[in-house]
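Input: a single structure, listed below in structure tokens.
Please read these numbers as outputs of a predicted model, since none were measured by experiment. Just so you know, ligand 1 is whichever comes first in the structure, and atom 1 is the first atom listed for that ligand.
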Amino acid sequence: MNAHVTTKAPEQYVPIPEVKCVGIIGSGQMGSGIAHVIALAGYEVRMNDLAKERVEQALALIDRNLTRQVSRGAIKELDAKAALKRMSYAATYADLGDCDLVIEAATEDEAVKRKIFAALCPSLKPTAMVASNTSSISITRLAASTDRPEQFIGMHFMNPVPVMQLVELIRGIATEEKTFAMARRFAESLGKTIAVSEDFPAFIVNRILLPMINEAIYTLYEGVGTVDAIDKSMRLGANHPMGPLELADFIGLDTCLSVMQVLYEGLADSKYRPCPLLVKYVEAGWLGRKAKRGFYDYRGEKPVPTR
Ligand code: NAD
């Protein structure tokens with residue numbers, strides 16, 4: 001990860017007083033990035049996942065990314081060490097019982113998320129706020145699987161979290177103004193800028209970005225261009241920093257497919273039909289960078305196109 005940019009120097013962070021401890025459920029690409037910025041901003045972080053090794057892997061990755069930030073002079077070694085110390089493993093939801101905010105960043109699957117919220121809420125204190133980092137799923141529907149829809153909100157961080165400035169905030173139908181205000185101040189305390197989206201499938205960023213990626217996959221599927229030609233065209237011809245297929249691999253092809261399915265089903269418009277080639281890659285387990293294979297093969301020294 002190119003994690004050398006933080007939007008603020010750590011000494012400029014001012015944690016908001018209502019939040020001392022933040023729980024993170026799901027310690028994959030996003031959960032680890034979110035934990036990284038939250039700990040660096042001065043909050044305690046408890047990380048949960050299906051297995052302890054996944055949290056250990058996430059902590060090792062965060063350690064490497066913090067070290068890289070130190071070597072580039074973006075943060076001080078002391079701040080990196082303090083951030084690491086603020087992070088710990090939460091084996092059960094009971095370990096999140098004193099958290100003021102819990103951010104869910106588990107796999108993009110509504111059934112998985114609903115199950116998490118139903119099991120999590122009884123362990124939380126009544127004042128705790130719950131947020132989902134979902135890329136596409138209805139915040140109102142997810143809120144309905146909690147005991148506190150008023151204190152539930154969508155907080156959609158961007159990948160990689162330490163680098164990207166934006167956090168989309170999405171109110172569900174029941175989200176209280178107090179919850180929204182706190183989420184906004186919390187995001188700003190991390191040095192992020194917010195954009196507000198209504199609760200429509202895939203919100204703003206992915207409503208626009210994912211159909212473009214899906215179209216790039218159709219372009220490949222129909223043989224209009226190779227992986228290399230498509231990515232080069234968009235990098236050099238549209239000035240995108242990454243080609244769309246490279247970006248799809250970076251996001252994760254399972255996440256891309258889930259978002260397209262939510263758009264297709266939620267908006268009932270055939271223009272959002274997931275490309276069959278995307279489905280095939282996901283079925284093969286070629287999920288992109290995190291699986292070391294997607295539209296590119298990452299197992300060697302340099303990424304090699306797989307088509
Ligand atoms: P990922 O596959 O890297 O990580 C998901 C993690 O969730 C895995 O470690 C998995 O073990 C864990 N998990 C699954 N079920 C769980 C459960 N019941 N309890 C605890 N942990 C569980 O995926 P990711 O890219 O980090 O995406 C996570 C969320 O963030 C998704 O909702 C996704 O849509 C969203 N998101 C992703 C991106 C992106 O670019 N990848 C950007 C913004 C938001």
Side-chain angles (χ1 to χ4, degrees), residues 1-3 23-37 46-62 89-96 102-121 123 130-139 141-142 145 154-170 187 192 195 197 201-210 212-213 242 244 246-263 282 285-292 294:
M1 184 178 74
N2 179 24
I24 311 274
I25 299 184
S27 303
Q29 307 190 87
M30 292 306 291
S32 57
I34 295 168
H36 175 141
V37 297
R46 310 256 155 82
M47 298 171 75
N48 170 267
D49 204 301
L50 292 172
K52 190 176 183 193
E53 303 85 75
R54 299 202 187 175
V55 174
E56 284 169 351
Q57 278 167 10
L59 287 169
L61 175 72
I62 296 168
Y89 169 55
T92 66
Y93 294 144
D95 296 336
L96 305 179
V102 174
I103 303 175
E104 171 277 316
T107 310
E108 186 75 348
D109 178 322
E110 185 165 340
V112 168
K113 292 184 189 290
R114 292 180 75 98
K115 239 171 128 177
I116 289 173
F117 293 128
L120 164 75
C121 286
S123 300
V130 180
S132 175
N133 184 50
T134 177
S135 301
S136 60
I137 302 165
S138 161
I139 297 303
R141 277 207 310 274
L142 291 177
S145 61
M155 283 192 89
H156 182 218
F157 289 83
M158 307 291 137
N159 186 18
V161 186
V163 178
M164 302 296 279
Q165 286 233 346
L166 191 75
V167 176
E168 274 183 302
L169 290 186
I170 309 104
K192 302 297 183 197
S197 168
F203 319 125
I204 296 173
V205 172
N206 285 331
R207 168 84 178 258
I208 299 168
L209 185 63
L210 262 298
M212 191 271 291
I213 288 176
M242 276 174 126
E246 203 186 347
L247 180 57
D249 275 358
F250 185 67
I251 293 169
L253 302 189
D254 52 341
T255 301
C256 290
L257 178 57
S258 295
V259 174
M260 286 313 298
Q261 276 161 342
V262 169
L263 279 169
V282 172
W286 292 15
L287 305 183
R289 268 184 185 273
K290 64 184 171 189
K292 299 218 177 312

Give, for atom CD1 of Ile139 and atom NE2 of His156, the distance between the pair rounded to the nearest 0.5 Å. 9.5 Å

Test side-chain contact (heavy atoms from CB on, under 4.5 Å) applied to Lys52 - qualifying residues, sequence neighbours left out: Glu56, Tyr89

Could you list the residues that satisfy ring pair (Phe, Tyr, Trp, His ring centres under 6.0 Å) with Phe117, not counting sequence neighbours? Phe152

Partners of Gln261 by side-chain contact (heavy atoms from CB on, under 4.5 Å), sequence neighbours excluded? Leu257, Glu265, Pro274

What's the separation between atom NZ in Lys292 and atom CG in Asp249, rounded to the nearest 0.5 Å? 12.5 Å

For ligand 1, give me the residues whose heavy-atom distance to it is below 4.0 Å, by chain and number please. Ile25, Gly26, Gly28, Gln29, Met30, Asn48, Asp49, Leu50, Arg54, Ala105, Ala106, Thr107, Glu108, Val112, Lys113, Ile116, Asn133, Thr134, Ser135, His156, Phe157, Asn159, Ile251, Thr255, Lys290

Among Ser136, Ser258, Pro201, side-chain contact (heavy atoms from CB on, under 4.5 Å) partner for Leu263: Pro201

